[in-house]
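Below, chains carry the letters A, B, ... as their sequence lines are ordered, and counting in each starts from 1.
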Protein chains: 2
Amino acid sequence: MSEPKPLTRNQTLVLDTLSAEHAPLSAYDILDRLREEGLKAPLQVYRALETLTERGLAHRLESLNAFVACAGDDCHRSGVIGFAICEKCGSVAEFSDFVLRQRLEGWADRQGFHPHETTIEMRGMCAACSVAA
Amino acid sequence: MSEPKPLTRNQTLVLDTLSAEHAPLSAYDILDRLREEGLKAPLQVYRALETLTERGLAHRLESLNAFVACAGDDCHRSGVIGFAICEKCGSVAEFSDFVLRQRLEGWADRQGFHPHETTIEMRGMCAACSVAA
DNA sequence: ACTCTAATGTTATATCATTACGCTTGCTTC
DNA sequence: GAAGCAAGCGTAATGATATAACATTAGAGT
Ligand SMILES: [Zn+2]
Ligand SMILES: [Zn+2]
Ligand SMILES: [Zn+2]
Ligand SMILES: [Zn+2]
């Protein structure tokens, strides 16, 4: 194997921005926070995000068109990941469940379907926000 | 209880368009197909889609920003639905699995998370396209 | 030095979705 | 029937998200 290749400047800026936030950010949110660092165009952010998500350092939340830093000390795309997204406070919990994965793969096998990328997202209210309700 | 309230003209047009297609359509795709019926603005389509998805007659595919007609003889929002989306031919299979649902709800319960809406989408290659590869 | 790959910078454009406002329709209530 | 209400509609403008195209730069491997 080889060196884990360091992140570039733009990639680091974007990942740091995501990590500092406790909620998902859209690419444009990220861009706004990085204007003073010299970033000017959406594409600079999207390109960094592409690399980061490929490496499992960040995740895209499809139902929000937004992104979060990986919460799991780096997933490395470890199989199927699920997200529980609080619609009130924006917190995102990341989970990975073997049975869930097995179940999806079982269905796919029986159908002859070959999954390439799987999205599991629950939107609702987190424990903290529920008690406050 | 009461009558199942008929669909309006716009809602019918949109649902028929979705039903006639074998692949997901974006709101603008739908609009294009309905211009000769007199529709002119995206909002007319989005409003119809909102009603249709609320009633379980159509579904939104979050990872595609697109819509499909319900394939299950009307879901009526019957719990958690999963989708298997072929990235080659665009076919969409709809499935509903009790164990899957149980597993998600179990996790949510343990965390005190209250899911409101759940998205499960697998993108990959369908059986038909796989043999053709 | 040559080549290959990844990343970058910039401009312009494409695609997806909502806000705002006013009108019409059907229904309920006085 | 008039007044009030809710859902739907039409239209224009705008906002939000994402990519295409093209030229350039930096580093690794030979
Ligand atoms: Zn992760
Ligand atoms: Zn919360
Ligand atoms: Zn359905
Ligand atoms: Zn296919």
Side-chain angles (χ1 to χ4, degrees), chain A residues 1-18 21 23-55 57-68 85 87 90 117 119 121 123, chain B residues 2-15 17-18 21 23-55 57-68 85 87 90 117 119 121 123:
Chain A
M1 295 281 75
S2 51
E3 300 298 304
K5 199 176 190 181
L7 296 178
T8 66
R9 172 177 153 82
N10 285 2
Q11 288 160 8
T12 304
L13 286 170
V14 168
L15 182 55
D16 287 351
T17 304
L18 282 176
E21 201 77 27
L25 291 178
S26 77
Y28 282 78
D29 289 338
I30 296 168
L31 177 57
D32 286 341
R33 282 164 176 67
L34 291 176
R35 288 209 190 271
E36 36 181 62
E37 302 292 342
L39 270 69
K40 291 177 182 167
L43 203 45
Q44 295 175 292
V45 174
Y46 279 107
R47 288 201 273 225
L49 286 169
E50 184 181 4
T51 304
L52 293 172
T53 53
E54 273 169 1
R55 295 220 210 163
L57 299 171
H59 302 294
R60 175 183 171 89
L61 301 175
E62 300 288 353
S63 63
L64 263 49
N65 294 328
F67 302 81
V68 286
I85 305 162
E87 291 176 319
E117 183 91 47
T119 298
E121 298 176 14
R123 292 167 316 281
Chain B
S2 51
E3 301 298 303
K5 198 176 189 179
L7 296 177
T8 66
R9 172 176 153 82
N10 286 2
Q11 288 160 8
T12 304
L13 286 170
V14 168
L15 183 54
T17 304
L18 282 177
E21 201 77 28
L25 291 178
S26 76
Y28 280 78
D29 289 339
I30 296 168
L31 177 56
D32 286 342
R33 282 163 176 66
L34 290 176
R35 289 208 189 271
E36 36 179 64
E37 301 293 341
L39 271 69
K40 291 178 182 165
L43 199 46
Q44 296 175 290
V45 174
Y46 279 107
R47 287 202 274 224
L49 285 169
E50 185 181 2
T51 305
L52 293 172
T53 53
E54 273 170 2
R55 296 220 209 163
L57 299 171
H59 301 295
R60 176 184 171 87
L61 301 176
E62 300 289 352
S63 63
L64 262 50
N65 294 328
F67 302 83
V68 286
I85 305 163
E87 291 176 319
E117 183 92 46
T119 298
E121 297 176 14
R123 295 174 304 289

Answer yes or no: is there a side-chain heavy-atom contact under 4.5 Å between B/Leu25 and B/Arg33? yes
Rounding to an integer number of Å, can you tell me how far B/Glu37 CD sits from D/dG10 C1'? 17 Å
For B/Ile85 and B/Leu61, work out which heavy atoms get closest and say how close. CD1-CD1, 4.0 Å
Of all the heavy-atom pairs spanning B/Ala48 and B/Val14, show the shortest one and how long it is. CB-CG2, 3.7 Å
Can you give me the first and the last nucleotide of DNA chain C (5' to 3') that has an atom within less than 4.0 angstrom of a non-hydrogen atom in chain B? C/dC16 to C/dA20
In whole angstroms, how far is the P atom of D/dG10 from the CG atom of B/Leu39? 7 Å
Rounded to the nearest 0.5 angstrom, the CG-CG distance for B/Leu43 and B/Leu31 is 10.5 Å
Value rounded to 0.5 Å, distance of CD1 in A/Ile30 from CG in A/Asp16: 11.5 Å
Minimum side-chain heavy-atom gap A/Glu62-B/Arg123 below 4.5 Å: yes
Shortest non-hydrogen pair, A/Ala58 vs A/Leu18, comes out as CB-CD1, 4.0 Å
If every non-hydrogen atom of A/Pro24 is compared with every non-hydrogen atom of A/Leu64, which pair is closest and at what distance? CG-CD2, 3.8 Å
Could you give the angle between the helix axes at the two ends of the helix from C/dA1-D/dT30 to C/dC30-D/dG1, with five pairs per end, rounded to 10 degrees? 30°
Nearest heavy-atom neighbours spanning B/Arg35 and B/Lys40: NH1-O, 3.4 Å
Euclidean distance, atom NZ of residue B/Lys40 to atom C1' of D/dC9 [Å, nearest integer]: 13 Å
For nucleotides 13-29 of chain D, give me one character per nucleotide, 5' to 3': B if any protein heavy atom sits under 4.0 Å from the base, S if the only such contacts are to the sugar-phosphate, - if neither. ----BBBBB--------
Can you find a pair of side-chain heavy atoms, one from A/Asn10 and one from A/Thr51, that are under 4.5 Å apart? no
